[in-house]
Amino acid sequence: MNALRPPALPAVLALLHRQRAALALGALCWFGALLTGWFAGGEMRGTVVRTPAEPGAGLWWSIFSANASVALLAFAGVITFGLVTALFSLVSGMLTGLGLAQATALGGSAVMVRHILPHAVVEMPAIAVAVGAGLVPLAAGIRVLAGRAHKRPRVRDMLVDSVALLGCSLFLLLIAATIETWVST
């Protein structure tokens, strides 16, 4: 029964502190690519289509599963020392930025604030955490090569931290999907 109990807040905070380099690298990759796509999107013709949706469990599941898929793909790069994660986050971040820029051009800033911002403040950092989870081995390797680590990290410890960060990301995506479904639909 104790195995199903969620981790205590101090354990989560310790994880975030321990993996701060991977999280910073993930945020840099994700938000840097997103901003690049945003600025490039202002120059492109809009291809975003408005599709009204009715709030409900089906919409919630559709939103959550799509975002969870992105998080899982970002995390999957952990097996390639984070290289696939970095490439994936650059491509998906740019595409997300392009879409956001086009949505803003189509609907204006007021629509952006009302329909995207409420859930984006949770969803975008959640994806950055998933990217950070996939970059844990790369960040550990950089620390070792830079002489900042006193000993070589164990693969098991890196994988446990990566999976825990993925869990944090998925938890945040549950919250974001709930907000997107019933608040900013």
Side-chain angles (χ1 to χ4, degrees), residues 3-7 11-38 40-41 58-101 116 119-146 148-149 152-181:
L4 299 177
R5 198 177 91 228
V12 173
L13 293 175
L15 168 69
L16 296 176
H17 178 72
R18 192 170 52 251
Q19 293 302 333
R20 65 188 178 278
L23 290 168
L25 192 56
L28 181 65
C29 284
W30 174 251
F31 288 115
L34 191 138
L35 287 174
T36 301
W38 171 271
L59 178 61
W60 181 88
W61 178 251
S62 174
I63 292 166
F64 174 71
S65 62
N67 290 333
S69 297
V70 171
L72 289 169
L73 286 170
F75 166 77
V78 76
I79 60 175
T80 62
F81 201 65
L83 298 177
V84 169
T85 296
L87 291 173
F88 173 78
S89 68
L90 293 175
V91 171
S92 65
M94 284 191 66
L95 291 174
T96 300
L98 285 169
L100 289 173
I116 296 175
H119 67 275
V121 297
V122 179
E123 185 179 306
M124 295 300 122
I127 298 298
V129 170
V131 171
L135 294 176
V136 165
L138 181 60
I142 291 170
R143 274 194 309 275
V144 168
L145 291 174
R148 296 207 170 181
R152 209 174 93 203
R154 293 180 12 196
V155 172
R156 179 185 174 277
D157 293 339
M158 287 188 296
L159 290 177
V160 167
D161 280 1
S162 291
V163 170
L165 287 174
L166 176 64
C168 291
S169 173
L170 293 174
F171 176 75
L172 291 172
L173 289 173
L174 288 170
I175 295 169
T178 302
I179 295 169
E180 187 171 356
T181 301

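Because only heavy atoms are used, hydrogens play no part in the values below, and waters and symmetry mates are left out as well, while side chains stay in. Given the structure is predicted, the values throughout are model-derived calculations rather than measurements. We count residues from 1, following the sequence as given.
Not counting sequence neighbours, the partners of Arg154 by the salt bridge (charged side-chain N to carboxylate O under 4.0 Å, His left out) test are Asp157. Every residue two or more places apart in sequence or in another chain that forms a salt bridge (charged side-chain N to carboxylate O under 4.0 Å, His left out) with Arg18 is listed here: Asp161. Trp61 is linked by a side chain to side chain donor-acceptor pair (under 3.5 Å) to nothing, counting only residues two or more places apart in sequence or in another chain. A search for side chain to side chain donor-acceptor pair (under 3.5 Å) contacts involving Thr36 returns nothing, not counting sequence neighbours.
Counting heavy atoms from C-beta outward, Thr178 and Phe64 have side chains that stay 4.5 Å or more apart. Met124 is listed as a side-chain neighbour of Thr96, based on a closest heavy-atom distance under 4.5 Å.
Residue pairs meeting the side chain to side chain donor-acceptor pair (under 3.5 Å) criterion with at least one partner in residues 82-94, sequence neighbours excluded, are absent. Within the structure, salt bridge (Lys or Arg N to Asp or Glu O under 4.0 Å) pairs that include any residue of residues 76-99 do not occur (at least two apart or interchain). Every pair tested for salt bridge (Lys or Arg N to Asp or Glu O under 4.0 Å) that includes a residue from residues 69-93 fails, sequence neighbours excluded, so the list is empty. Among residue pairs with one or both ends in residues 72-99, none qualify as salt bridge (Lys or Arg N to Asp or Glu O under 4.0 Å); sequence neighbours excluded. For residues 124-135, there are no side chain to side chain donor-acceptor pair (under 3.5 Å) pairs, not counting sequence neighbours. For residues 124-136, there are no salt bridge (Lys or Arg N to Asp or Glu O under 4.0 Å) pairs, not counting sequence neighbours.
Nearest heavy atom pair, residue Met158 against residue Ala140, reads SD-CB, 3.5 Å. Here the closest non-hydrogen pair linking His119 and Ala176 is CB-O, 3.6 Å.
Going from atom CG of Leu35 over to atom CE of Met94 covers 11.0 Å, rounded to the nearest 0.5 Å.
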Side-chain donor-acceptor pairs under 3.5 Å in residues 71-84, sequence neighbours left out?
| from | atom 1 | to | atom 2 | distance (Å) |
| --- | --- | --- | --- | --- |
| Thr80 | OG1 | Gly77 | O | 2.9 |
| Thr80 | OG1 | Val84 | N | 3.2 |

Please table the atom pairs, donor to acceptor, closer than 3.5 Å between any side-chain atom in residues 163-172 and protein atoms at least two apart or in another chain.
| from | atom 1 | to | atom 2 | distance (Å) |
| --- | --- | --- | --- | --- |
| Ser169 | OG | Ala126 | O | 2.7 |

